[in-house]
*Asks:* 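Got a structure for you, written out below as structure tokens; questions coming shortly.
Being a predicted model, the structure only gives us computed values, none of them experimental. In the text below, chain A, chain B and the rest are named by the order of the sequence lines, each starting its count at 1.
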There are 2 protein chains.
Amino acid sequence: MKKDNSESSKNTTYFRPYKGERSFEAVSGEIKKLIFQGVFKAGDKLPPETEIGRQFGVSRQTVREALRILEQSGFITIQQGVNGGPMITDTVLSRLSNMFLDIFYFKRLSLDELTEARFGIEKAMFKHVIERVEETDVEALKKNVEEAKIKLEKNDTPFEENIEFHRILARASKNFVYMIVIELLMSVVSHFHSERNEKDLKKSARIVHLHEAILEGIVEKDYDRSVLILDELLKEVRTILTKKGQNMA
Amino acid sequence: MKKDNSESSKNTTYFRPYKGERSFEAVSGEIKKLIFQGVFKAGDKLPPETEIGRQFGVSRQTVREALRILEQSGFITIQQGVNGGPMITDTVLSRLSNMFLDIFYFKRLSLDELTEARFGIEKAMFKHVIERVEETDVEALKKNVEEAKIKLEKNDTPFEENIEFHRILARASKNFVYMIVIELLMSVVSHFHSERNEKDLKKSARIVHLHEAILEGIVEKDYDRSVLILDELLKEVRTILTKKGQNMA
DNA sequence: TCACATTTGTCCGTATGTATC
DNA sequence: AGATACATACGGACAAATGTG
């Protein structure tokens, strides 16, 4: 804060950004800290911009820039209108995925190397899936495969379902770090599927079939067999994803 | 843009955000697109805020909010002063790491599950390291180990060097996706090392020794032996990292 | 060293769009 | 439909930082 010349100087501000930090950074940092501490939880509403500014002793402009940062980081969303304002909403993972996708474009990465990494990571993760899978996970996987089959019967390609299968697997690993990493990778895959929307029912059916086989292996806790099928699945995916569009501008 | 009532209406604006998009989002999106297209490259300077606003036909305030987004995403940095202004600087990976660290705190993840995931991912990656390692990578690894040893001789703990070892390994995999993922994981490890700065020379020496052994295995392209040592190393790391501070608020 | 120019940082005031009641 | 409360966006001003002559 460079100015504290508020003529109505009854609101003495107890808030000071430390040297070198800009005011809006200090404000966004303070709010983020409150979110981390659990003072604000998802669904809670923050005061309107004017009120936040009053409490921190900064202008609305400064508050707005702070809110932009929090919004971009996935901690809040903002609504206009009478009962609107900034609201705590946990979309951090989605924002992280968007950023990863940006980097993917920016660095001109290839789907080939993405798939290669996915290959190794998913296989490593799968070990824990077999160890820790619970009944609810199996149910989710079964439901997923069923929905994919229904789409196939309607001559519809179950892209999203087939991607979701791997997200469910990640959840079943009971390791949040794997979940995040898989989410990053799959969000890129999902993005390119929705971009070039090619219908290949035969290949989709093959994938659903392999998913079903993996599911059987999981139920029977047959790690070796499951991993073999997973291998086959990923090879299949690889040929689909990398047959064209090696990298993209 | 809600207002286009510029009395000096000689600057007719050809820029309009599409319905639903806010002006500052449109501006940041346009600039980001130019960066992706290579029109702006790292080191280039963007025009000052006022000029950007003039070109897009928006106010300076709107430009500033757009710049906050680009700054937060790691595409630009900003300097005050006469030769300052927004400059294109590629810090996207660093920003992604910061966001991952935020999520790590926010979701109260444990170093234990981080290490578990790192275990699997690094082992999967290592297969490609052995396949694709080049002389420059070996040189970098050797240099790293030497620097770590020098620190040890000075009774200093080579935390950063030991973490950097794994970044170099990731580079040697020649797969940028692995590099990104490892960067995310190691940035968390680095953060916690610098937080609780405990000097354990004995364990550090042991790690450096294992790094050296892995390096030997790489040089001799002895995958099986290298992986065995990597296993040992990661187990060692695990005991160090998880002996306390399972999760942190 | 010291003034000066440039550019970001921050403030205020005002108008308008938007969603809710 | 109208009033209300909120974000969005505008313009103008001054402070602070930083490089230049």
Side-chain angles (χ1 to χ4, degrees), chain A residues 1-9 11 13 15-29 44-72 76-89, chain B residues 1-13 15-29 44-72 76-89:
Chain A
M1 291 188 355
K2 311 301 158 65
K3 287 171 72 177
D4 52 350
N5 57 351
S6 46
E7 17 283 323
S8 64
S9 64
N11 46 356
T13 63
F15 159 79
R16 286 278 178 288
Y18 67 79
K19 170 88 176 179
E21 193 178 38
R22 295 170 289 185
S23 288
F24 62 82
E25 286 174 317
V27 171
S28 72
D44 293 355
K45 284 207 322 197
L46 259 52
E49 292 172 352
T50 47
E51 174 61 16
I52 295 176
R54 200 191 59 71
Q55 290 189 20
F56 281 106
V58 298
S59 73
R60 277 191 64 229
Q61 161 86 1
T62 299
V63 173
R64 284 182 63 77
E65 293 185 32
L67 294 182
R68 289 291 85 75
I69 293 175
L70 293 170
E71 193 181 30
Q72 183 70 8
I76 65 169
T77 54
I78 291 158
Q79 272 209 338
Q80 288 191 61
V82 75
N83 269 343
M87 191 172 66
I88 312 289
T89 53
Chain B
M1 292 186 353
K2 312 301 159 65
K3 288 170 71 177
D4 52 351
N5 57 352
S6 46
E7 16 283 324
S8 63
S9 64
K10 71 172 72 172
N11 46 355
T12 41
T13 63
F15 160 79
R16 286 282 178 286
Y18 67 79
K19 171 87 176 179
E21 193 177 39
R22 295 170 289 184
S23 287
F24 61 82
E25 285 174 318
V27 171
S28 73
D44 292 355
K45 284 206 324 194
L46 259 51
E49 292 171 352
T50 47
E51 174 61 16
I52 296 176
R54 198 190 59 72
Q55 290 189 22
F56 281 105
V58 299
S59 73
R60 199 178 145 223
Q61 160 154 359
T62 300
V63 173
R64 284 183 63 79
E65 292 184 34
L67 293 182
R68 290 291 85 75
I69 293 175
L70 294 171
E71 193 180 29
Q72 183 70 10
I76 64 168
T77 54
I78 291 159
Q79 272 209 338
Q80 287 192 64
V82 69
N83 272 343
M87 189 173 66
I88 312 290
T89 52

*Asks:* What I want to check is whether the side chains of B:T62 and B:S23 have a donor and an acceptor closer together than 3.5 Å.
*Replies:* no
*Asks:* Atom NZ of B:K45 to atom P of D:dT18: distance rounded to whole Å?
*Replies:* 14 Å
*Asks:* What is the distance from atom CD1 of A:I88 to atom CG of A:D44, rounded to the nearest 0.5 Å?
*Replies:* 6.5 Å
*Asks:* With B:E25, which residues qualify under side chain to side chain contact (heavy atoms under 4.5 Å, CB included), at least two apart?
*Replies:* B:E21, B:R22
*Asks:* What is the distance from CE of A:M87 to P of C:dA19, rounded to the nearest Å?
*Replies:* 15 Å
*Asks:* B:E71 CD to C:dT8 P: how many Å, rounded?
*Replies:* 12 Å
*Asks:* With sequence neighbours excluded, what pairs up with A:E51 under the side chain to side chain contact (heavy atoms under 4.5 Å, CB included) test?
*Replies:* A:P47, A:P48, A:R54, A:Q55
*Asks:* Would you say a side-chain N or O of A:S23 is under 4.0 Å from OP1 or OP2 of C:dT10?
*Replies:* yes
*Asks:* Locate the shortest heavy-atom distance separating B:K45 from B:N83; write the atom from each residue and the value.
*Replies:* NZ-O, 2.9 Å
*Asks:* B:I52 has an atom CD1; how far is it from atom P of D:dA9, in whole Å?
*Replies:* 16 Å
*Asks:* Rounded to the Å, how far apart are B:E51 CD and C:dT6 P?
*Replies:* 14 Å
*Asks:* May I ask you to verify if any side-chain N or O of A:T62 is less than 4.0 angstrom from the OP1 or OP2 atom of C:dG9?
*Replies:* no
*Asks:* Between the protein and nucleotides 4-7 of chain D, which nitrogen or oxygen pairs come in under 3.5 angstrom?
*Replies:*
| unit_1 | atom_1 | unit_2 | atom_2 | d |
| --- | --- | --- | --- | --- |
| D:dA5 | O3' | A:V82 | O | 3.4 |
| D:dC6 | O4' | A:G81 | O | 3.2 |
| D:dA7 | OP1 | A:E49 | N | 3.3 |
| D:dA7 | OP2 | A:E49 | N | 3.3 |

*Asks:* Applying the side-chain contact (heavy atoms from CB on, under 4.5 Å) criterion to A:I78, which one of A:R68, A:M87, A:R64 satisfies it?
*Replies:* A:R68
